[in-house]
Amino acid sequence: MACARPLISVYSKKGEPSDKNVTLPAVFKTPIRPDIVNFLHANLCKNNRQLDAISELAGHQTSAESWGTGRAVAQIPRVRGGGTHRSGQDGFGNICLGGRMFAPTKIWRRWHRRVNTTQKRYAIRSALAASALPVLVMSRGHHIEEVPELPLVAEDKVEGYEKTKEAVLLLKKLKAWNDVKKVYASQPMRAGKGKMRNRCCTQSRRHCIICNGDSGTIKAFRNIPGITLLNISKLNVLKLAPGGHVGRSCIWTESAFRRLDELYGTWPPRKKNHLRVLRKNPLKNLRIVLKLNPYAKTISWNTILLQTKNHKIQMHRAAAALEDKSDEKEVPGKKPVVGKKGKKAEKKKKQKRLAGKKVAVTKKPTAEKKPTEKKPHHRRKEGCCINLNLFIS
Amino acid sequence: MERQKIVMRTCCSFLIKRNKQTYSTKPNNLKAPNSLRYNGLIHRKTVGVEMAADGKGIVVVRKRRSGQGKPATSYVRTTINENAQATLSKLLSKISKELLKPNSRKTHTQTHPHTDTQTHTHTLSD
């Protein structure tokens with residue numbers, strides 16, 4: 001099912017596209033189910049039948065009785081009495097002249113059929129969808145080769161037409177008249193005995209005009225052969241798919257076309273099926289932490305910065321303490337306040353200091369400068385480097 | 001398109017079933033069998049050949065790829081009125097532009113009856 005809904009232009013009574021556009025209502029994207037439409041048509045057609053049956057008495061208005069055996073005649077019931085041709089003739093049977101038929105038709109035949117409401121609605125939608133496809137409309141037999149667009153939407157002024165002349169002119173401008181001409185060209189008289197039964201004239205069904213209200217349209221269009229008028233709130237499958245064949249050509253008025261979406265609805269918002277995602281441990285997995293709490297990144301970065309800062313301060317203090325201590329060494333006995341850790345640091349420092357005191361001294365200011373310079377860049381790698389540098393010094 | 005195929009397969013105003021044969025009188029169907037391949041209406045791109053109105057030459061009818069919902073502007077008609085060989089080559093070049101299957105070309109050039117007109121010196125085989 002294509003979900004693209006193109007813009008349909010509204011055509012003026014001159015057959016030119018006006019500035020107005022309507023998005024194609026979602027109904028026209030319904031799947032086309034000719035089987036459902038056919039089923040519905042077959043059943044709904046039966047609903048406007050009138051009762052028809054033969055007389056109950058037909059063939060029984062005799063008192064015929066069988067003559068029995070021994071009379072060299074068939075044992076069928078025979079009419080009693082004498083004086084007419086009818087006496088002695090057979091009666092009552094479906095085989096007999098003047099008898100009743102086999103299975104006389106009864107008025108309590110099930111004339112009407114009910115169809116599920118959902119099916120009825122589906123069929124209407126399907127029929128509408130089919131009426132929007134030029135291929136299907138043409139294959140149903142409509143001459144719509146010159147029609148500007150399908151579905152064909154005319155401006156609302158059409159609903160105000162009162163004269164058939166105006167209606168005809170509209171159809172001519174919309175190039176829909178070719179189809180109507182076909183009605184004139186087709187043989188009007190019915191084939192068969194229907195002629196004798198008050199069903200003399202037949203006509204093909206051409207366009208279907210669908211309008212929103214009626215301020216005279218019915219009267220304007222009704223005398224044009226082949227045309228049917230429908231109100232948008234009372235769409236009828238029997239009219240939209242005559243004969244059970246989908247694809248009748250429909251001409252819409254703009255307001256009727258716009259009402260389609262509200263009457264037949266659009267699709268519900270698409271619910272995506274979310275598959276079960278493997279749960280990863282945020283305590284171990286950095287990416288998951290960041291997904292759950294994006295602020296965690298800034299927190300960790302801030303802690304790193306803080307740590308480097310503190311470390312730097314510690315280093316300063318340690319270095320300063322060592323310097324003091326080296327000054328104090330000339331005065332024995334005094335122990336530095338730093339403590340065990342300080343001693344270790346001292347040792348380390350001593351070893352490294354011996355390696356290059358001057359280097360350390362020179363490095364300090366540069367080491368100092370480095371973090372201050374590089375702080376604004378906030379790069380973790382360089383932070384690590386900073387750490388290393390400090391350690392080395 | 002699938003739906004349309006299903007609908008049109010069994011009942012369609014262009015369908016002819018007589019003499020135990022089934023044909024289709026669709027506008028762009030040249031060989032006339034009723035099948036999906038030779039269905040002149042369904043496909044997005046079709047090429048058809050008709051006789052020109054005045055009887056001189058042929059008209060090549062091409063379906064536009066875009067605007068499928070607008071029957072009035074769907075088809076482009078070009079008239080070719082030349083001798084047999086030139087018409088044929090022009091027709092072939094037009095069709096090849098449409099990137100059709102080679103069989104379709106064959107159909108168009110061989111089986112179209114309207115290519116026999118008085119102006120042609122050679123008649124194309126049927």
Side-chain angles (χ1 to χ4, degrees), chain A residues 1-2 4-9 11 15-17 24 28-38 126-127 129-153 173-176 178-179 182 186 204-205 241-249, chain B residues 1-18 22-30 32-53 59-79:
Chain A
M1 186 163 69
R5 291 170 60 184
L7 283 173
I8 310 290
S9 27
Y11 288 84
E16 287 149 22
L24 188 75
F28 291 106
K29 293 291 177 186
T30 333
I32 296 169
R33 293 286 304 271
D35 54 334
I36 293 185
V37 177
N38 206 8
S126 247
S131 75
L133 293 173
V135 179
L136 290 180
V137 182
M138 293 218 293
S139 93
R140 200 185 159 269
H142 292 281
H143 287 281
I144 51 155
E145 290 88 6
E146 290 175 46
V147 162
E149 192 172 354
L150 272 186
L152 188 54
V153 186
K173 289 291 180 186
L174 292 175
K175 307 288 180 197
N178 287 333
D179 206 23
K182 195 182 167 192
S186 65
S204 54
R205 294 252 165 259
H245 300 140
V246 293
R248 181 171 191 180
S249 90
Chain B
M1 201 195 95
E2 280 293 308
R3 302 282 169 185
Q4 295 167 19
K5 175 178 99 184
I6 293 167
V7 175
M8 289 166 74
R9 205 194 302 148
T10 48
C11 68
C12 166
S13 68
F14 301 107
L15 189 59
I16 299 176
K17 282 184 179 178
R18 284 177 214 143
T22 320
Y23 291 112
S24 169
T25 52
K26 289 199 188 74
N28 287 322
N29 184 349
L30 291 184
N34 183 41
S35 72
L36 179 59
R37 215 235 201 125
Y38 290 101
N39 191 319
L41 287 179
I42 285 182
H43 300 280
R44 279 183 88 208
K45 294 194 238 181
T46 56
V47 176
V49 179
E50 294 171 355
M51 193 158 79
V59 180
V60 183
V61 183
R62 280 183 359 249
K63 192 172 182 188
R64 254 196 253 266
R65 188 184 60 87
S66 61
Q68 298 271 319
K70 303 186 182 177
T73 52
S74 271
Y75 292 94
V76 178
R77 305 186 118 83
T78 15
T79 324

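Residue numbers begin at 1 in each chain, while the letters A, B, ... track the order of the sequences.
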Inset, instruction - State which residues pass side-chain hydrogen bond (donor to acceptor under 3.5 Å, both in side chains) with B/R77; sequence neighbours excluded, sorted by chain then number. - result: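 Partners of B/R77 by the side-chain hydrogen bond (donor to acceptor under 3.5 Å, both in side chains) criterion, ordered by chain and then number, come out as B/E50.
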Inset, instruction - Could you tell me which residues satisfy ring-ring contact (aromatic ring centres under 6.0 Å, His included) with A/F28, sequence neighbours excluded, listed by chain and number? - result: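 So A/F28 forms a ring-ring contact (aromatic ring centres under 6.0 Å, His included) with A/W252, A/F257.
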Inset, instruction - Rounded to the nearest 0.5 Å, what's the gap from CD on A/E145 to OH on B/Y75? Could you check? - result: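 Output value for this atom pair is 8.0 Å.
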Legend entry - Over 12 non-hydrogen atoms of neighbours within 6.0 angstrom of NZ in A/K175: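 Atom NZ in A/K175 is not packed in, count stays at 12 or less.
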Which pair of non-hydrogen atoms, one from [X] and one from [Y], has the smallest distance, and what is that distance?
X	Y	result
A/P134	B/G69	CG-CA, 4.0 Å
B/A72	A/P148	CB-CA, 3.7 Å
A/V135	B/L41	CG2-O, 3.5 Å

Legend entry - Selection from A/D35, A/I32, A/V137, A/I144 maximising heavy-atom pairs under 4.5 Å formed with chain B: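 Greatest number of close heavy-atom pairs with chain B: A/I32.
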Legend entry - Contact class of A/L133 relative to chain B, heavy atoms under 4.5 angstrom: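 Interface part for A/L133: side chain.
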